[in-house]
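Residue numbers begin at 1 in each chain, while the letters A, B, ... track the order of the sequences.
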Protein chains: 2
Amino acid sequence: MVLREHPMTPDSQPTFRALADPTRRDILKLLATQDMTIADVSGHFDMTRAAVKKHLSVLSDGGLITVEAQGRTKINRINPTGFAPVLNWFEFFDTFWDDRLTTLKSVIEKDMT
Amino acid sequence: MVLREHPMTPDSQPTFRALADPTRRDILKLLATQDMTIADVSGHFDMTRAAVKKHLSVLSDGGLITVEAQGRTKINRINPTGFAPVLNWFEFFDTFWDDRLTTLKSVIEKDMT
DNA sequence: TTGACATAAAACCATTTGGTATCACATAAA
DNA sequence: TTTATGTGATACCAAATGGTTTTATGTCAA
């Protein structure tokens, strides 16, 4: 028995990969406040635009942002739907642990105290 | 304004990193069903025990499993509390999006249909 | 049309990552 | 005490990753 993702399930790997880098997670928090061009995003980090652009590409591959061309700039916009694959993955444990009265929700609440 | 994790917040990076690999996510699903030794886990994957051991170390670094010595074997056990850092990170967006009536919960439900 | 500017793309580099093979160590069993 | 077995640790390798620099390309404004 080798556990593998079901073939029909949308591949969650690009999303998990996109979330694995701290800079990309910070970019997502940035874009949660407002849509931004690449130049805008770059202004918040100590790295070249090219590097930021690569991160945005990874985020786009993971479905976590959408990019819309607007003249000579591109508007990077967070995509709430893109979180679904990861959230659904967590849901597996949530439903699984319902039996043990150890839901993920209770885990969060425990951490809050 | 450069977004960085608050110094007092437990570092979530090792947890995100641990979740970024598909094999490690499969291991977690395995351990959700029952605790296992390294040999047990290895039996489910087409790779050497050494490779599986590395994955288990990364999962342990991320706090997602605990390891208990038992004679000459080691029992690997999933640690629900270890999910807290990532779940809390998602909570940020959840509360943020409450204003827009776009909570993560609704994202999941939309994906279910 | 010319020049400025935002993004794209490619080559390149150092480090990390996921895997292997090998050897050492500790514990259970003969 | 041997011997087998489960695990740990190290060295090593190919590929991926995160960054830079440089060179296009496309679009807006004089």
Whole-Å distance, A/Phe45 CZ to D/dT20 C1', equals 18 Å

Nucleotide D/dA9, atom P - distance to CD1 of B/Ile38 in whole Å
10 Å

Figure out the CZ/P separation between B/Arg24 and C/dT16, and round it to whole Å.
15 Å

Solution key, residues 61-72 of chain B side-chain donor-acceptor pairs under 3.5 Å, sequence neighbours excluded:
{"unit_1": "B/Glu68", "atom_1": "OE1", "unit_2": "B/Arg77", "atom_2": "NH1", "d": "2.9"}

What string of B, S and - do you get for nucleotides 19-30 of chain C, 5' to 3', when a contact is any protein heavy atom under 4.0 Å?
BBB-----BS--

Taking the side chain as C-beta and beyond, is there a heavy-atom pair between A/His44 and A/Asp26 under 4.5 Å?
no

Can you tell me the distance, in whole Å, between the CG atom of B/Leu56 and the P atom of D/dG6?
16 Å

Which of A/Phe16, A/Phe83, A/Phe96 passes ring-ring contact (aromatic ring centres under 6.0 Å, His included) with A/Trp89? It is A/Phe16

Length of the CD-P vector between A/Glu68 and C/dA6, whole Å:
18 Å

Rounding to an integer number of Å, can you tell me how far B/Leu59 CG sits from C/dT17 P?
14 Å

OP1 or OP2 of D/dG8 less than 4.0 angstrom from a side-chain nitrogen or oxygen of B/Lys53, does that happen here?
yes

In whole angstroms, how far is the P atom of D/dG18 from the CG atom of A/Asp61?
12 Å

Validation row: A/Ile27, A/Leu56 side chains within 4.5 angstrom (heavy atoms)
yes

Are the side chains of A/Lys74 and A/Thr37 in touch, meaning some heavy atoms are under 4.5 Å apart?
no

Within this structure, what is the NZ-to-C1' distance between A/Lys74 and D/dT27, rounded to whole angstrom?
13 Å

Is there a Watson-Crick or G-U wobble partner for D/dG26 with both distances under 3.5 Å, and if so, which one is it?
C/dC5

Could you tell me if the side chain of B/Phe90 sits less than 4.5 Å from the side chain of A/Leu19, heavy atoms only?
yes

